[in-house]
Amino acid sequence: MRVLVTGGAGFIGSHIVNALSARGHEPVVLDALLPAAHPHAPDLPDAEFLRADVRDAEAVRSALRGVDAVCHQAAMVGLGKDFADAPDYVGCNDLGTAVLLAETAAAGLRDLVLAGSMVVYGEGRYRCSVHGTVRPGPRLAEDLTAGRFEPRCPDCGAGLAPGLVGEDAPTDPRNVYATTKLAQEHLASSWARCVEGRAVSLRYHNVYGPGMPRDTPYAGVASFFRSALARGEAPRVFEDGAQRRDFIHVGDVAEANAVALEAVGGMSAGALAAFNTGSGDPHTVGEMANALAAAYGGAAPVVTGEFRLGDVRHITADSARLRRELGWRPRVGFAEGMAEFARAGQRASAASVS
C-alpha cells in the first residue's frame, strides 16, 4: 500500500514512516519542514519526500498521485504560550486539514487515518460517590493559585475519583489547540459522509520517546523534563505532581497508525471512527518525572505548585476499543520506555537554537 504521510519528517510522523516501511508498505512523506519545528534540516525518513505545506493545494494534489491512503500527522502541537497563537493553530491544523481533504476527495481517495488527541475531552472521567459520573467545569485561577488542584463535583462540591475516559465521553476542548484537534475530526467526519469515505481518528494520549523535540513550549511534559535534565537542571513539576496521564511510547503509536491504515479500508463508509490510543497504564506526572530523572542520573524533580490555565487535571485512556476492534497492543512498558527515553537523543527545536 502506498501511503501519504503528512508531517512525516516530524517526531511521530517519522516513526510512522519507519513502521509502514517495516510492514512492507510504501510511505510518501509530505512535510513543510517549518522552522518552528525544524530549525535545522532533520534526518529525513528513508522514503519518497516532498517538501511542501499541507495548505498548498497544488503540492498536495501532486503528492496524492498513485496513493492508496492518507495518514495525516501534520499539525502545530502543544498548549502554546497564549491566545496570540490561535491564528497559527487554526491555519496549520484546520485550514491544512481542509485543503488536504478537498484534494483527497478530488483524487478519489477514500481512506484516511488522522492524528487525533485526548485533549478533545477536556477533563477526563470522574465519579462522585453521590452523583455518579459527572463532568466538572474548567478549573478556576483562584483555586489553582490557592493550591486547590482537584476538580470538585459540580452538583455537591465533593471530591471526585478519576477513571478511564472512553471514546463515547462528551468532547469539551479547553484551549485553542484542543479546539483545532476537534475541528479536524469534524472536518474528517464531514468528508467521510460527503464522499462515502472511511476515516479513523487515533486520539493520542501523552506520546513520548526518541526524537522528541527539546526546549520548546509546544512539546509535551516528557520533553520538558528530558530537556531540563540534558541542561543539568532539575525537572520542574507543575501543580503538586499528582496529575494522572497515560504515557505511551511513540513506537506503539506508530504501530497503531500502521494497524489502522491496514484496517480502515474494511470499515463502514461514510463515518469517522475514533479510538483512544494509550498504554492503559496511567501514572502521575510526578511519577514520570522521578522515573526519567532516576534513569538519566540527574537532579531530583522539584514540585513547584505553578500551573497553566487550560491544563486539565486528570486524563487517562480507556483504549479497549482499539485493542478489541483492531487487535493493537502496546509493547513498551512505562519503566522500559522511560529508561530508553532518558538515554535517547532529542531533536532540536526553534527555541533550542535561538
**Asked** When clusters are formed by joining ILVMFWY residues with side-chain heavy atoms under 4.5 Å apart, either directly or through shared neighbours, do L292 and V221 land in the same one?
**Response** yes
Which of R148, R152, R313 passes salt bridge (charged side-chain N to carboxylate O under 4.0 Å, His left out) with D143? It is R148
Report yes or no: does N175 contribute a side-chain atom to a donor-acceptor pair with the main-chain N or O of A178 at less than 3.5 Å? yes
### Message
Using a 6.0 Å cut-off, check whether atom CD of E306 has over 12 heavy atoms from anything other than its own residue.
### Response
yes
- Side chain T180, main chain Y177, donor-acceptor under 3.5 Å: yes
Contacts satisfying ring-ring contact (aromatic ring centres under 6.0 Å, His included) that involve residues 247-290 (not counting sequence neighbours) are Y208-H249, H283-F334
Q: Output yes when a side-chain donor or acceptor of N93 lies under 3.5 Å from a complementary backbone atom of M76, and no otherwise.
A: yes
CZ/R139: more than 12 non-hydrogen atoms of other groups inside 6.0 Å: yes
Across all chains, not counting sequence neighbours, the salt bridge (Lys or Arg N to Asp or Glu O under 4.0 Å) partners of E233 are R231
Between R198 and D111, does at least one N-O distance fall below 4.0 Å, as a salt bridge requires?
yes
Margin query: Any side-chain to backbone donor/acceptor pair from R226 onto M212? Under 3.5 Å, distance only.
Written below: no
So the side chain to side chain donor-acceptor pair (under 3.5 Å) pairs with at least one residue in residues 314-329 (sequence neighbours excluded) are E150-H314
> Is the closest side-chain donor-acceptor distance between S279 and D246 under 3.5 Å?
Replying inline: yes
*asked:* Please check: side-chain N/O of N206 versus main-chain N/O of G220, any donor-acceptor pairing under 3.5 Å?
replied: no
Under 3.5 Å: donor-acceptor pair, side chain of S223, backbone of P213: yes
Please check this pair: side chain of Q243 against backbone of V312, looking for a donor-acceptor N/O pair closer than 3.5 Å.
no
Review point. With distance as the sole test, does R343 use its side chain to make a donor-acceptor pair with the main-chain N or O of A339 at under 3.5 Å?
Key: yes
Residue pairs passing the side chain to side chain donor-acceptor pair (under 3.5 Å) test with at least one member in residues 163-173, sequence neighbours excluded, are D172-R174
Residues pairing under side chain to side chain donor-acceptor pair (under 3.5 Å) where one sits in residues 65-77, two or more places apart or in two chains, turn out to be T6-H72, S62-R65, H72-T97, Q73-Y204, Q73-N257
Connected to L112, directly or through other members, by ILVMFWY side-chain contacts below 4.5 Å are L4, V28, L30, L50, V54, V60, L64, V67, V70, L100, L101, L109, L187, W191, V195
